[in-house]
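Below is one structure, written out as structure tokens, with a few remarks after it.
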Amino acid sequence: MNQYPVELHAHTHHSDGDFSVTELVESALDFGYKGLILTDHNTYSGYEEIVDKLLDQKLVILRGIEWTTYFGHMLVHDSKDFVDWRTATIESIGHHIDQVKEAEGLVGIAHPFAIGNPICTGCHWEFQVQDWSKVDYIEVWNRTAPHKQFWSEKAYDLWTSKLKSGIEISCSAGRDWHRPDAKGLLPGITYVQVPDKLEQSTMKAALKKGSMYITLAPRLEWTLTSQNIDYSFGDRVPEGTYTISVSCLEPSLPLLKELDIEPKRILVIQNEMIIEEIELSKTSASFRFDKTLASGYVRVEIIGRYQNEEDIRLTIGNPVYLK
């Protein structure tokens with residue numbers, strides 16, 4: 001399996017961003033992204049310009065939009081048809097999500113606990129979702145230095161509460177990229193894991209499945225193995241005994257390598273209970289052990305020091321689900 005860094009939440013001057021579409025694509029390439037979803041507010045016009053200028057031949061790019069309403073912002077990724085956000089109400093959002101799914105689109109909840117009125121009208125999620133299983137991911141990390149944002153912990157708690165209730169749902173990171181970031185401030189990165197080459201189809205399939213993780217720097221590899229078959233992020237497997245292989249690896253993006261970050265331990269978590277805690281004596285390490293896993297889900301996090309702050313979640317992996 002191969003892992004690729006992608007950005008799921010970005011803007012240009014087609015809405016409120018300072019980037020032209022060319023500047024956004026070139027900035028993404030310079031940073032080291034391999035994939036990008038353009039999510040201008042309530043318009044697809046930026047993606048149309050990308051296609052006209054053949055910029056999608058430089059980078060794997062999916063069409064997206066950020067539904068921007070009075071009751072919340074919703075990322076709609078790669079919907080084949082236009083779905084109108086203007087008639088969405090707090091109570092009717094489920095109907096609109098159904099329309100997005102019928103159009104083969106992916107649904108992400110953007111910055112659900114960001115400050116709302118009067119600072120940012122609609123930025124705080126108020127929609128009443130009746131069926132969370134139709135939501136593909138919750139943006140647990142938003143903008144740069146997400147571990148410092150007070151709403152990140154609330155978004156994490158929302159995501160894990162849905163997991164504990166039996167819903168298969170992923171976490172994502174969104175740079176919410178509007179303009180060049182302040183020096184020294186870096187975002188959380190979403191890595192998608194695909195069998196081979198990153199293409200539009202494989203990128204979308206990974207996002208839909210939950211074959212991805214988010215990180216402030218360290219890369220994460222992990223598998224559950226049974227009868228010589230490996231499973232990883234987003235897979236659905238029967239309960240039973242598995243060999244767990246987990247690795248904490250050095251960052252792959254140049255700017256992340258410059259950060260003063262020290263991974264200190266790996267947590268293996270089942271149904272929000274820590275079932276294995278591994279102390280790290282170096283920044284890159286691999287481990288292998290057997291575990292009997294009951295129904296629910298299992299996932300992995302890397303905890304450590306981020307510059308002068310201790311006990312920071314550096315990496316959050318999406319689950320393997322056990323039935």
Measure up the [X] and [Y] rings against each other and bin them: parallel (under 30°), tilted (30 to 60°), perpendicular (over 60°).
{"X": "Tyr33", "Y": "Trp177", "value": "perpendicular"}
{"X": "Phe127", "Y": "Phe71", "value": "perpendicular"}
{"X": "Tyr44", "Y": "Phe82", "value": "perpendicular"}

Which pair of heavy atoms, one from [X] and one from [Y], lies closest together, and at what distance?
{"X": "Ile266", "Y": "Val300", "result": "CG2-CG1, 3.7 Å"}
{"X": "Lys162", "Y": "Trp132", "result": "NZ-NE1, 3.4 Å"}
{"X": "Asn2", "Y": "Pro195", "result": "ND2-O, 3.9 Å"}
{"X": "Leu253", "Y": "Gly32", "result": "CD2-O, 3.5 Å"}
{"X": "Leu293", "Y": "Ile275", "result": "CD2-CD1, 3.7 Å"}
{"X": "Ala173", "Y": "Glu7", "result": "O-OE2, 4.5 Å"}

Consider only side-chain N and O atoms of [X] and [Y], and report whether a donor and an acceptor are under 3.5 Å apart.
{"X": "Thr243", "Y": "Thr225", "answer": "no"}
{"X": "Asp40", "Y": "Ser15", "answer": "yes"}
{"X": "Gln128", "Y": "Glu91", "answer": "no"}
{"X": "His111", "Y": "Glu139", "answer": "no"}
{"X": "Glu262", "Y": "Tyr306", "answer": "no"}
{"X": "Thr87", "Y": "His96", "answer": "yes"}
{"X": "His14", "Y": "Ser45", "answer": "yes"}

Any heavy-atom pair between the side chains of [Y] and [X] that's under 4.5 Å?
{"X": "Leu163", "Y": "Arg299", "answer": "yes"}
{"X": "Ile169", "Y": "Asp136", "answer": "no"}
{"X": "Thr292", "Y": "Tyr242", "answer": "no"}
{"X": "His41", "Y": "Asp16", "answer": "yes"}
{"X": "Leu75", "Y": "His73", "answer": "no"}
{"X": "Asp290", "Y": "Ile244", "answer": "no"}
{"X": "Ile115", "Y": "Phe113", "answer": "no"}
{"X": "Pro187", "Y": "Phe31", "answer": "yes"}

Exercise for review: Kindly indicate, with the supporting measurements, whether the criterion salt bridge (Lys or Arg N to Asp or Glu O under 4.0 Å) is fulfilled by Asp181 and Arg175.
Suggested key: CA-CA 10 Å; Asp181 299 316; Arg175 192 168 185 162; 2.6 Å; yes
Counting only heavy atoms not in [X], do more than 12 sit closer than 6.0 Å to its [atom1] atom?
{"X": "Lys208", "atom1": "NZ", "answer": "no"}
{"X": "Lys204", "atom1": "NZ", "answer": "yes"}
{"X": "Arg265", "atom1": "CZ", "answer": "yes"}
{"X": "Phe289", "atom1": "CZ", "answer": "yes"}

The single option from Leu62, Val194, Asp78 that satisfies side-chain contact (heavy atoms from CB on, under 4.5 Å) with Met203 is Leu62
Just verifying a value: how many Å separate [X] [atom1] and [Y] [atom2], rounded to the nearest 0.5 Å?
{"X": "Thr315", "Y": "Ile214", "atom1": "OG1", "atom2": "CD1", "value": "9.0 Å"}
{"X": "Leu38", "Y": "Arg63", "atom1": "CG", "atom2": "CZ", "value": "11.0 Å"}
{"X": "Gln99", "Y": "Ser79", "atom1": "CD", "atom2": "OG", "value": "9.5 Å"}
{"X": "Asn42", "Y": "Trp85", "atom1": "CG", "atom2": "CH2", "value": "4.0 Å"}
{"X": "Glu49", "Y": "Leu24", "atom1": "CD", "atom2": "CG", "value": "11.0 Å"}

Check: Going through the distances and angles, do Thr39 and Ile65 end up as a side-chain contact (heavy atoms from CB on, under 4.5 Å)?
Finding: CA-CA 4 Å; Thr39 54; Ile65 192 170; 5.8 Å; no
Per side chain to side chain donor-acceptor pair (under 3.5 Å), Tyr297 is matched among Glu272, Glu168, Lys164 by Glu272
Check the hydrophobic clustering (I, L, V, M, F, W, Y; side-chain heavy atoms under 4.5 Å; chains of links allowed) and say if [X] and [Y] are grouped together.
{"X": "Ile90", "Y": "Ile109", "answer": "yes"}
{"X": "Trp141", "Y": "Trp125", "answer": "yes"}
{"X": "Leu8", "Y": "Val107", "answer": "no"}
{"X": "Leu158", "Y": "Val140", "answer": "yes"}
{"X": "Val51", "Y": "Leu36", "answer": "yes"}

Determine, for [X] against [Y], whether the closest basic-nitrogen to carboxylate-oxygen distance falls under 4.0 angstrom.
{"X": "Asp311", "Y": "Lys264", "answer": "no"}
{"X": "Glu309", "Y": "Arg305", "answer": "no"}
{"X": "Glu153", "Y": "Arg313", "answer": "yes"}

Taking [X] for its side chain and [Y] for its backbone only, find out whether a donor-acceptor pair lies under 3.5 Å.
{"X": "His77", "Y": "Gly105", "result": "no"}
{"X": "Thr202", "Y": "Glu199", "result": "yes"}
{"X": "His178", "Y": "Asp176", "result": "yes"}

Given side-chain contact (heavy atoms from CB on, under 4.5 Å), test Leu207 with Ile37 step by step and report yes or no.
-> CA-CA 11 Å; Leu207 294 172; Ile37 305 182; 3.9 Å; yes
Could you please spell out the steps behind the salt bridge (Lys or Arg N to Asp or Glu O under 4.0 Å) verdict for Glu276 and Lys291?
-> CA-CA 9 Å; Glu276 191 79 22; Lys291 281 287 181 183; 3.1 Å; yes
Exercise for review: Mind running side-chain hydrogen bond (donor to acceptor under 3.5 Å, both in side chains) on Thr283 and Glu250 for me, showing each step along the way?
Suggested key: CA-CA 7 Å; Thr283 56; Glu250 295 282 353; 2.5 Å; yes
Worked verdict on Ile189 versus Tyr213 for side-chain contact (heavy atoms from CB on, under 4.5 Å): CA-CA 8 Å; Ile189 309 297; Tyr213 65 93; over 6 Å; no
For the residue pair [X] and [Y], is the inter-centroid distance of their aromatic rings smaller than 6.0 Å?
{"X": "Tyr191", "Y": "Tyr4", "value": "no"}
{"X": "His11", "Y": "His9", "value": "yes"}
{"X": "Tyr156", "Y": "His147", "value": "no"}

Decide yes or no on side-chain contact (heavy atoms from CB on, under 4.5 Å) for Asn318 and Cys171, but give the supporting numbers first. CA-CA 7 Å; Asn318 277 304; Cys171 69; 3.5 Å; yes
